[in-house]
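Since this is a predicted model, take the numbers as computed values, not measurements. Each chain gets a letter, A, B and so on, in the order its sequence line appears, and its residues count up from 1.
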Amino acid sequence: MALILSGQGASKGIGIGRARILESGGLETPEYTLDPDQIGAEIERFRAAVATARAGLTEVANRLGPQVPSEVREFIETHLLMLDDDVLVESPVEFIRARVCNAEWALKQARDQLFEAFEQMQDDYFRSRRDDIDQVVKRIAAALANRAARSLFAEQDSLDDTVIVADDIEPAELTGLADRGLAAFVIESGGPLSHSSILARSYGVPCIVGVVGARQLVHEGQLLIVDGDRGFALIDPDGERLMRYRERQYEIKRRATQLLRLANTAARTADGELIRLWANAEQPKDLDLAIKHGAVGIGLFRTEFLYLHRQQPPGEEEQYEAYADAVRRMDGHPLTLRTLDIGADKQLALGQDHAEANPALGLRGIRLSLKFPELFRTQIRAILRAAAHGPVNMLLPMLGGPEDALRSRALIREAEGEMRAAGVVFQERVPIGGMIEVPSAAISAPRMVEILDFISIGTNDLIQYTLAIDRGNQAVSRWYQPLHPAVLRLISAVIDTAVAMGKPVALCGEMAGDTRHTGLLLSLGLTDFSLHPRGILEIKEKLSRLQRKPLLALKRRILNAGVAEEVAEILKSAGA
Amino acid sequence: MLEREIIVSNRLGLHARAAAKLVQVSGRYSSRVSLVCRAREVNAQSILGVMMLAAGKGVTVLVRTEGTDESEALTAVLALFDRRFDEPD
């Protein structure tokens, strides 16, 4: 009879393997008083331990490969900031002085005080952050004991079919585990919001957490089945159970491969109409994911990642390198680079001195680029130069109407002229498209479509600006209605205009990736969707179940609807 | 000294990663940057201090900057809040 360990499911899937018990990294905390003349030396010893801990963690951070999920990187950065934080680092020093005690004991007191503060928090997520404090404290404690921080496994260890059973897992420990065949995690502490959980999910390894006493109940090497969906593990399961779980595991894998097989087929509706699915990307790594999931290209590559968190905007060479690298990764698939779309903030050191009262209505998107033509010119040149390496489109954000589009095109022409004159290698006639996300631009659709080479409808902002709703404001969230007939009439008018004038039109807001809206968008005549790469297979699958022609016939009724519910009703009765 | 109230509008509030970004941004300025929330003032350059405010979405915090580059520091911090700490929604 198998023993059941119960906890909470933190990362989905079934993992089957042999237990590998991880001893706690915790240490016994010695306590003793010092001679008063030893205080200085003890403080020095403590500071040296903090420095050692920081050096160790910095080394881990520097070794992170590109395949490491961004969550891991962020956790490690957070821990490094904690090691620089006076709240954690200075209070033990004060303890050593005040109590004339040893550094280990002082550190424990500081930790306990912080724990108490976090313990009182109402919010589970914030309370879970105690784990972070504990891990940082353990690193300092290990350094005080002249011990290296617990390191999981030697690089050469095979982790195939291994279930790790531990009190907690540190992000720094997980970094080496990504592609090493790990079966599952069974974690004693934490809940679904703890970082062990977040990390397990980001690596796609099944995980259950909150399994109190797991390391007492499980023996090293025992066979475990971990059910991450239902939140329990079976110790030493009998043959029949094992077979059932292997079947389920196989079934899960089969479904995943089935979806992935869709990656290599074109997206078609049930009545055979070809639909093009593009991917939105924020980081270079999203490009590989997009191709793997069968996107026809990138419909929107946000370039903000190059600009954020720095004092000076990136120069032309740096941008060129980044864009050219992206073009190469695309391996012949078209890449749509959107020019800078952020508000005016001091990080760009542009000489704006005041905070805007209404940033959403302020100097952002193309307005910023037009106000600072040098900034814009640098990006234009970098994009056009990178375009010499493969198919590239340039997309302009936040156009308010024909004037913005014309002024942008004039600046692009100017930059082209300069490069031509200087003999710089760049791509001529790169298609220039515009985002339609401001109502005035949507209403000016005929002129916009005439001026631009292609159109991309950004529904997130279009909805927010049309309905005058801040998406982040809970108090008005019931007025945020993607199906509001006014919004749909704008979207429909833009699609119709572009189709009539023979220009490509895609839709790149969240609606494009939401299977609940796929039928609606088909009914409005959309054929190009641009969405998060992870959603592509799901949308492809949804499309394969929808008939486009009968949906198109619903368009007039949908656009004549008075309220959003009516639209939903029409679509529902049509089975979309 | 400059002050501005702002509502935390990102989904997770001033959690670890948002706090980390706040520490990094305010660390670029020589001014002292602090946050006041529920009558409690913390140094914005202390990640634990910021996390201990436990300021979730919808909570109002006061950003206070004081020093030679106080206006730049205030602008940068408010911009970070406005960008919802660059979190995907």
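For the set S46(B), G56(B), G49(B), the entry with the most heavy-atom pairs within less than 4.5 Å of chain A is S46(B). Counting heavy-atom pairs closer than 4.5 Å to chain A, the top-ranked of the candidates A19(B), G13(B), G58(B), A55(B) is A55(B).
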Evaluate the criterion salt bridge (Lys or Arg N to Asp or Glu O under 4.0 Å) for residue pair D132(A) and R17(B); output intermediate values, then yes/no.
CA-CA 11 Å; D132(A) 293 278; R17(B) 274 170 278 170; over 6 Å; no
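To the nearest 0.5 Å, atoms CD1 (I47(B)) and OG1 (T78(A)) are separated by 4.5 Å. The CD atom of E74(A) sits 5.5 Å away from the NZ atom of K21(B) when rounded to the nearest 0.5 Å. Rounded to the nearest 0.5 angstrom, L48(B) CG and F118(A) CZ are separated by 5.5 Å.
For D69(B), there are no salt bridge (charged side-chain N to carboxylate O under 4.0 Å, His left out) partners two or more places apart in sequence or in a different chain. For N10(B), the side-chain hydrogen bond (donor to acceptor under 3.5 Å, both in side chains) partners two or more places apart in sequence, or in a different chain, are E87(B).
Sequence neighbours left out, the pairs with a member in residues 38-84 of chain B that pass ring-ring contact (aromatic ring centres under 6.0 Å, His included) are F81(B)-F85(B).
Residues of residues 80-90 of chain A lying under 4.5 angstrom from chain B, judged on non-hydrogen atoms, are L81(A), M82(A), D85(A), V87(A), L88(A) by number.
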